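Presented below is the structure to which this report refers.
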Amino acid sequence: MPEITYRQAINDALAEEIERDENVFVMGEEVAQYNGAYKVTEGLYDRFGEDRIKDTPISEAGFIGMGIGASMLGLRPVMELMFWSFSYVAFDQIVNNAAMVRYMSGGLTHVPIVIRGPANGGTNVGATHSHTPENFMAHTPGLKVVCPATPYDAKGLLKTAIRDNDPVYVMENTLLYGNKGEVPTEEYTIPLGHAQVLREGRDVSLIGHGRSILTALEAAGHLAGEGIEAEVVDLRSLRPLDIDTVLASVARTHRVVLVDENKPFCGVSAQVSHMIQEEAFDELDAPIRRVTSLDAPAIYSDPLEREQLPNPRRIQEAVQQVLEDAPRAAG
Amino acid sequence: MTARKTTRKTTKTARKAARKTVDSAGRTPEQLLEAYRQMVRIRAFEDNANELYLQAKMPGLTHMSSGQEASAVGVCEALDERDKITSTHRGHGHCVARGATFRPMFCELLGKEEGYCHGKGGSMHIADQENGNLGANAIVGGSTGIATGAAFSAKYLGTGGVAVCFLGDGALGQGILYEVMNMAALWKLPVIYACENNQYGEYTHIDEMLAGNMLERARAFGIEAEEVDGQDLLAVMAAADRAVARARAGEGATFLALKTYRYFGHHVGDINRSYYRTKEEEEHWKAERDPIPLFGEVLLERGIATAEELTAIGEAISREAEEAVEYALEAPYPPAEAARDHVYAS
């Protein structure tokens, strides 16, 4: 299987869907002639032309509102946000229109829009450019939210998102765009709402999404060197959420550390923690621990931001804590 | 003059204003009569909706469009089945003007299963896709993006369709309007911004909220802008015809400033309005500038209808509205389990 970057995987998904369905088009700031601020749409404008790859003014509320209107009439717009942080100026469109129109129309109007772009910290761009609004979005009935961590998932989930008849918000990560991974050349899609066990282990479950789960995977490697077997579960899709795969892992390990780049208060991991205790209280041998971003706006200073985000050391410390809370049986 | 009795408070001034409109906007007598009926339907709908609210038979919040019938009907009469509209919190008139019928409208207002949106939208979010009404939007300026996107889709798909964005003068305060007007102008989209300037945003006169001239705002983007007497049905129709022709010819967007007046308050509960406008002002608009008798006069003068026929139209529509209210009051609510339906398509 060839290895391609996360960026290329998204680019391939867009190209394939644009070719497959004439109603699919890409719209956003700098997506066409400049090939995308992060070069995700590189070459698409030359290949498909300005009708399918459309540059917009710096008007997130306006162009996302237009995308919603276009999607209500059968088009399948894929809107790029240069950063999900910029979604905040379009919040009324993203929440009140995209999410509510179907319900308020009694199911008569679909809103098959995709909004995609990076949603991450860790790049020293300060608080306004480092938001991870997947929890805000997943809070809203009517919206679907996916957070691919690998090139394979990025391509498969985006293709599914484009074909879905509901609004699907795809949260990418600028720190992942250059990551390489195996992606098949033949056609595939990944259904929404399917978590994946990335690494099996019997001592503790590390559960999260996006780049955090790769950090958890790295921590699991270090923990294995200490004789601790961590299972790593990538949620991939936050809404719909595959709680069954999470609960099955908890039933195997009985200890949970949630890893989450969201801030802790009302973050994604707060929801997952609630669902685990509600459904699998008797399976837990220790309180659920969380490794989230520190509860402050994103810090500009590099060494501080490294500490603010989930990192392998903090994850390992949390695992040690749950193992102290509930020691493994001797032998 | 029997006409005087049958066309309510028509006065000399009003008749003079009506006579000034000599153009029929290219409509046949039957089309003109139907446009009159549509205005009467809107008035009847609003009168009954207001009554339902005052009798505490209707939940929530509703906003009457009485007085603004000519802008809704005049614009919608210029459209065909390819075209789409978006509407506002003051949207019953647009819905009727686009062809909706009373029963599912009253059912929607009362939260009933047979409503256009199965009782999930209500007065402020009523939609009627079959007639090209993409929906009322209760956030001021909230549908400007949707309407402009509908115009984008018409151009993308080559349908020849036009999108009309109804907005109130209050929406001129929302930034998204200028974002989408900018793109509509850049991309020559077939969209009409039909601004119903009823002169009050919520409880404040437009002079306290709007700097400069609203037409100049549109013209700054290179959008054709026109001020129209929103109480003169034929004038609205003619302006809408020009805007539609421009849009279909690929010449882009138009902004129509339709000066009108809302007879009721901001919402049905806004009864004591003396702190922001005078009774005399309200009476002036109702007596001198009511679009229904003004247009009734035109029909009479042209011999398109007799006074008796206009009276009969009003009575028939009143009965139809009352019957629909009775029907809606008796109609069942959605079942409890419907609360979770329609959240997602799949």
Side-chain angles (χ1 to χ4, degrees), chain A residues 22-23 25 27 50-52 54-77 89-90 92-93 95-113 140-144 163-168 191-193 239-240, chain B residues 84 86 108 113 115-122 124-130 134-139 141-157 159 161 163 165 174-184 186-187 189 334 338-346:
Chain A
E22 61 189 14
N23 289 333
F25 66 95
M27 188 183 261
E50 64 181 346
D51 288 344
R52 311 295 294 280
K54 193 92 181 153
D55 277 330
T56 68
I58 304 167
S59 305
E60 286 85 2
F63 73 73
I64 288 177
M66 285 178 57
I68 292 163
S71 77
M72 288 165 68
L73 293 164
L75 300 188
R76 293 188 175 271
V89 300
D92 181 49
Q93 301 305 313
V95 174
N96 258 333
N97 283 348
M100 306 296 153
V101 158
R102 179 183 162 73
Y103 191 76
M104 292 196 306
S105 73
L108 294 174
T109 303
H110 297 308
V111 185
I113 191 174
T140 303
L143 299 181
K144 294 175 177 173
R163 299 178 193 188
D164 198 277
N165 281 330
D166 291 312
V168 185
L192 308 184
R239 191 148 180 165
Chain B
K84 309 294 176 192
T86 66
E108 188 59 35
E113 170 65 22
Y116 272 113
C117 309
H118 302 291
K120 287 186 164 145
M124 291 196 285
H125 308 107
I126 195 164
D128 174 18
Q129 288 82 356
E130 274 189 29
L134 299 178
N137 192 301
I139 302 297
S143 80
T144 55
I146 291 173
T148 311
F152 180 90
S153 79
K155 186 168 183 179
Y156 187 99
L157 296 168
T159 64
C165 179
Q174 292 282 17
I176 187 173
L177 174 63
Y178 306 101
E179 296 188 17
V180 297
M181 285 207 299
N182 183 49
M183 285 182 273
L186 285 171
W187 302 340
L189 299 181
R340 289 177 194 274
D341 292 345
H342 309 136
V343 179
Y344 292 103
S346 58

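What you are looking at is a predicted structure, and each value in this text was computed from that prediction instead of being measured. Proteins come first, then strands; the chains are lettered A, B, ... in the order of their sequence lines, and each starts at number 1.
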Exercise. Starting at NZ of B:Lys120, measure out to CZ of A:Arg102 and round the result to the nearest 0.5 Å.
Key: 9.0 Å
Quiz item: In terms of heavy-atom pairs under 4.5 Å, which option from A:Leu192, A:Thr109, A:Leu75, A:Asn165 contacts chain B the most?
Solution: A:Leu75
Quiz item: In Å, rounded to the nearest 0.5 Å, how long is the span from CG of A:Leu108 to NE2 of B:His118?
Solution: 5.0 Å
Quiz item: Counting N and O atoms only, with roles assigned by atom type, does the side chain of A:Asp92 sit under 3.5 Å from a partner on the main chain of B:Gly142, one being a donor and the other an acceptor?
Solution: no
Quiz item: Do any pairs count as a side-chain hydrogen bond (donor to acceptor under 3.5 Å, both in side chains) and have a residue in residues 58-75 of chain A, sequence neighbours left out, and if so which ones?
Solution: none
Quiz item: When only pairs under 4.5 Å are counted, which of A:Gly62, A:Pro167, A:Pro57 shares the most heavy-atom pairs with chain B?
Solution: A:Gly62
Quiz prompt | Which of B:Glu108, B:His125, B:Lys84 touches chain A most, by non-hydrogen pairs under 4.5 Å | solution = B:His125
Quiz item: When rounded to the nearest 0.5 angstrom, what distance separates CE in A:Met66 from CD in B:Glu179?
Solution: 11.0 Å
Self-check item: Heavy-atom proximity to chain A below 4.5 Å, by part of B:Leu157
Solution: side chain
Exercise. Select, from B:Phe152, B:Tyr178, B:Tyr156, the one with the greatest count of heavy-atom pairs under 4.5 Å involving chain A.
Key: B:Tyr156
Quiz item: If you take all heavy atoms of A:Thr56 and B:Trp187, which pair is closest and at what distance?
Solution: CG2-CH2, 4.0 Å
Quiz prompt | Selection from A:Ile64, A:Leu143, A:Asp51 maximising heavy-atom pairs under 4.5 Å formed with chain B | solution = A:Leu143
Quiz item: What pairs with A:Asp164 under salt bridge (Lys or Arg N to Asp or Glu O under 4.0 Å), at least two apart in sequence or on another chain?
Solution: A:Lys144
Quiz item: If you tally heavy-atom pairs under 4.5 Å against chain B, which of A:Val89, A:Asn97, A:Val101, A:Ile58 wins?
Solution: A:Asn97
Quiz item: Can you tell me how far CE of B:Met183 sits from NZ of A:Lys54, rounded to the nearest 0.5 angstrom?
Solution: 11.0 Å
Quiz item: Which atoms of B:Ile139 come close to chain A, meaning under 4.5 Å heavy atom to heavy atom: side chain ones, backbone ones, both, or neither?
Solution: side chain
Exercise. Could you look at B:Lys155 and say if it's the side chain, the backbone, both or neither that has a heavy atom under 4.5 Å from chain A?
Key: neither
Quiz prompt | Partner chain A: residue of B:Leu177, B:Asp128, B:Ile176 with the largest heavy-atom pair count (under 4.5 Å) | solution = B:Ile176
Quiz item: Where the side chain of A:Tyr103 meets the backbone of B:Asp341, is there a donor-acceptor pair that is under 3.5 Å apart?
Solution: no
Exercise. Quick one: which of B:Ser346, B:Ser153, B:Ala345 has the most heavy-atom pairs under 4.5 Å with chain A, could you say?
Key: B:Ala345
